[in-house]
2 protein chains.
Amino acid sequence: MKVKIIDLAKSLGTSTSTVSRALNDAPGVSEELRAKIVKAARDMGYMPDQGARNLVKRTTGNIGLYVPRGLFFVMSNPFFAQVLLGISDVIDDMGYNYILSTSPLQHRKMFRTNLVDGIIMFALRLGDPYIRELEEGGFPSVIVGSYNPSVDMPAVRPDDYQGMYAAVNHLAEMGHKKIALLNGPLSSFKSVACLDAYRRSLMEHELDDIYEKAVSGEFVAEWGLEGANALFNEKDRPSAIACANDLIAMGVYRAAHERGLKIPDDISVVGFGDFPSAVYLSPSLTTVHTPMREMGYEAAKVLVEKMKGTSSVEHKALFQTSLVVRESVRRYEE
Amino acid sequence: MKVKIIDLAKSLGTSTSTVSRALNDAPGVSEELRAKIVKAARDMGYMPDQGARNLVKRTTGNIGLYVPRGLFFVMSNPFFAQVLLGISDVIDDMGYNYILSTSPLQHRKMFRTNLVDGIIMFALRLGDPYIRELEEGGFPSVIVGSYNPSVDMPAVRPDDYQGMYAAVNHLAEMGHKKIALLNGPLSSFKSVACLDAYRRSLMEHELDDIYEKAVSGEFVAEWGLEGANALFNEKDRPSAIACANDLIAMGVYRAAHERGLKIPDDISVVGFGDFPSAVYLSPSLTTVHTPMREMGYEAAKVLVEKMKGTSSVEHKALFQTSLVVRESVRRYEE
DNA sequence: TTCAGATGCGCAAACGTTTGCGTTACTTAT
DNA sequence: ATAAGTAACGCAAACGTTTGCGCATCTGAA
């Protein structure tokens, strides 16, 4: 059977209170006795039951990661890998555990049943439920990624608008006149930022009369393949494609290859995100870098402050994005 | 403040026991009263505190995912995405939460402090600690992926040996005489299976006297790039490279591209895993398909049986792998 | 009409911790 | 020498549930 605090107490001829205090570095126990208790705990392999501990301390020692898009979406999107990396940079040696929730139900349960001390929310979209409830409850939580800026909650997000603006500007400055946008779903705030930036850049370069084509899909390679195929099938083909996401760009790569189109000779493409794989594509992908790890780091820091209850100011951080040019765009001449 | 069971009881003029029974569909409460209680619980937004519940029921409603390789390793390896997909197919509507642990410390805490009801372990390698402890304790747990077969614990794994055997055979049958292996670390059981299969195939085709080169690295694209570069720098170059992992293959693609080598014209490559991205590479990757989702499904099923305590038989499942040929290998002629 | 068995419900103990408070023994200042 | 203070420890309550048991009340069969 598992060894409990009372077993320890009995074997040492002391009380549970003293054992508890000793193990928690609380005052009120002599150094001599504390040492004995610690040793005995080690020897007998004692570890405090979490349920009991949570019950009395009103704190759980784990933080929730909410991604209302399903487990697969999380795991197959390098964005999370990177952001989580930053999060774990600050959280890991604080001894927290991560608990994952991908459905509104799980999410609700998390913060309503004292399952976690704080929540980091990803990939929120228009109409995702239970955000408001969280907001009102004052539960420690942070949003990471583009989301409704009017929502009254700490958030750290990338400047998606500037990123896409720089990307399309680059394409235009390289001489491209017919630039298409393979976008994400418009329920995503990132997608609307991308769309706005795309339009503005086109207008500023007086290209919108020549060609304007923005189509919405999902943030996955499958959509890039499908969307690019559709684009290629039209009589009036673009010479460059901007993608809202590196995964979409991968799909474009595939579509081009299947049709014998060379990148960047026949078609230029720029991605978004600068996922680790961007540099492994052939040709390597020109894309806009999003400081995902740094964002994760910041989000985690904000969250721990929230959990400590120290900072109750609404923290909003905006991270710069920047175009990194590699091999997938060429200068376009008539 | 959060509404507790006693608030519900008071507001209905009944007792906590009855409320508890009503909400848990336990017998001993009239349908009429049960309906009233359920309604009131709904209205007041009652949800049972997990800590208290766990404490008395000795069960937590969440399952642990242990990957002793660090958070980044998990999140950036499509293997997990796929396996988790299978797991969630069976687990998700059972209402469990996932709790992630990537360090031995977290892992130990998980099953020693009643934090989870069961554990699924990934990517185990030689020398990973705390496995034995788990084994002895009889804690419900499953291993997924190649691991020491002599360990006395339920496990579901792919037939990595046959997979690599088929891959190298294919290369040999396509006329390649100089075949290299870019392997994973030898602390991984998968790597040693790959190495054995590679050697056997070479011997059977009487190729081992001509050329034999197996080098160990990590299961990441960086290693594929580095390893391939090293291979290309030698005077006696291979005409084909077998990789222990699709990510490694991506690295090889990159190395080839940087050097102006065409795949498969100048160099053939076969991967392992059949990650979703394999089909998006240009050219698409010939690789060994591993039924990851199916494995996850099976692992989860075994785990829930273990947790129910029904099946105490040691369950070992071996999943077939199969070569899927695409575009990255060509017939080799002198 | 009576009695055995259901049925519906409440009391209180239990789960394994933490912690406020009281008690004792010991120190230090007066 | 006495008072006041402090340090070390134990008692017992509390955290919010679930559940064994006992007590009524009600049912239907003898």
Side-chain angles (χ1 to χ4, degrees), chain A residues 1-38 40-41 44-62 95 97 109-117, chain B residues 1-38 40-41 44-62 95 97 109-117:
Chain A
M1 214 46 257
K2 214 153 283 194
V3 34
K4 316 182 272 187
I5 211 175
I6 194 170
D7 300 324
L8 261 185
K10 276 181 184 162
S11 94
L12 288 176
T14 178
S15 74
T16 63
S17 358
T18 307
V19 174
S20 174
R21 278 188 261 261
L23 263 25
N24 290 327
D25 287 320
V29 34
S30 67
E31 279 314 315
E32 183 188 15
L33 181 52
R34 182 192 303 273
K36 274 211 294 223
I37 291 180
V38 169
M44 306 180 54
Y46 168 77
M47 297 194 86
D49 179 279
Q50 278 301 322
R53 184 178 249 249
N54 296 352
L55 183 53
V56 42
K57 299 201 71 165
R58 318 271 29 155
T59 174
T60 67
N62 35 32
N97 285 93
K109 188 177 166 193
M110 273 210 304
F111 76 91
R112 294 288 305 278
T113 69
N114 297 317
L115 211 54
V116 296
D117 298 337
Chain B
M1 214 46 256
K2 214 153 284 195
V3 34
K4 316 181 270 186
I5 211 176
I6 195 170
D7 300 325
L8 263 185
K10 277 181 183 162
S11 95
L12 288 177
T14 178
S15 74
T16 63
S17 0
T18 307
V19 173
S20 174
R21 280 188 260 261
L23 263 25
N24 291 324
D25 287 320
V29 34
S30 69
E31 278 315 314
E32 183 186 15
L33 181 51
R34 182 191 304 273
K36 273 211 293 224
I37 292 180
V38 169
M44 305 179 57
Y46 168 78
M47 296 194 87
D49 179 280
Q50 278 300 325
R53 182 176 251 248
N54 296 351
L55 184 54
V56 41
K57 300 200 71 165
R58 318 270 32 156
T59 174
T60 67
N62 33 33
N97 286 92
K109 190 176 164 194
M110 274 210 303
F111 76 90
R112 294 286 306 276
T113 69
N114 297 317
L115 210 54
V116 297
D117 299 337

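A, B, ... follow the sequence lines: proteins, then strands. Residue 1 opens every chain.
The 12-atom threshold is exceeded at NZ of A:Lys2, counting heavy atoms of other residues, nucleotides or ligands nearer than 6.0 Å. The environment of NZ in B:Lys36 is sparse: at most 12 heavy-atom neighbours from other residues, nucleotides or ligands sit within 6.0 Å.
Each of A:Arg34 and B:Met47 was matched to the nucleotide of DNA chain D holding its nearest heavy atom; the match closer to the 5' end belongs to A:Arg34. Where A:Ala52 and B:Gly28 meet DNA chain C, the nucleotide closest to each residue was compared, and B:Gly28 sits on the side nearer the 5' end.
Of all the heavy atoms in A:Tyr46 and A:Val3, the pair that sits closest is CD1-O, 3.3 Å. Listed here is the closest heavy atom pair of A:Ile37 and A:Ala22: CD1-CB, 3.7 Å. For A:Met47 against B:Lys109, the heavy-atom pair with the smallest separation is CE-CA, 4.1 Å.
With a 4.5 Å cut-off on side-chain heavy atoms, B:Arg53 and B:Asn24 count as touching.
Nucleotides of DNA chain C lying under 4.0 Å from heavy atoms of chain A occupy a range whose first and last members, 5' to 3', are C:dG16 to C:dG20.
Within the nucleic acid shown, B:Ser20 comes within 4.0 Å of at least one base atom, counting heavy atoms only. Nucleic acid contact class of B:Asn24 (heavy atoms, under 4.0 Å, all strands): sugar-phosphate only. Across all strands shown, B:Arg21 has heavy atoms under 4.0 Å from base atoms, whether or not it also approaches the sugar-phosphate.
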Requested in this report: Kindly indicate, with the supporting measurements, whether the criterion salt bridge (charged side-chain N to carboxylate O under 4.0 Å, His left out) is fulfilled by B:Asp49 and A:Arg58.
Outcome: CA-CA 10 Å; B:Asp49 179 280; A:Arg58 318 271 29 155; 2.8 Å; yes

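Between A:Ser17 and D:dC11 there is no side-chain polar atom (N or O) within less than 4.0 angstrom of OP1 or OP2.
With B:Thr60 as reference, B:Asp117 is the one residue of B:Asn114, B:Asp117, B:Asn54, B:Thr113 to meet the side chain to side chain donor-acceptor pair (under 3.5 Å) rule.
Listed by residue number, B:Gly13, B:Thr14, B:Ser15 are the residues of residues 4-16 of chain B with a heavy-atom contact under 4.0 Å to DNA chain C.
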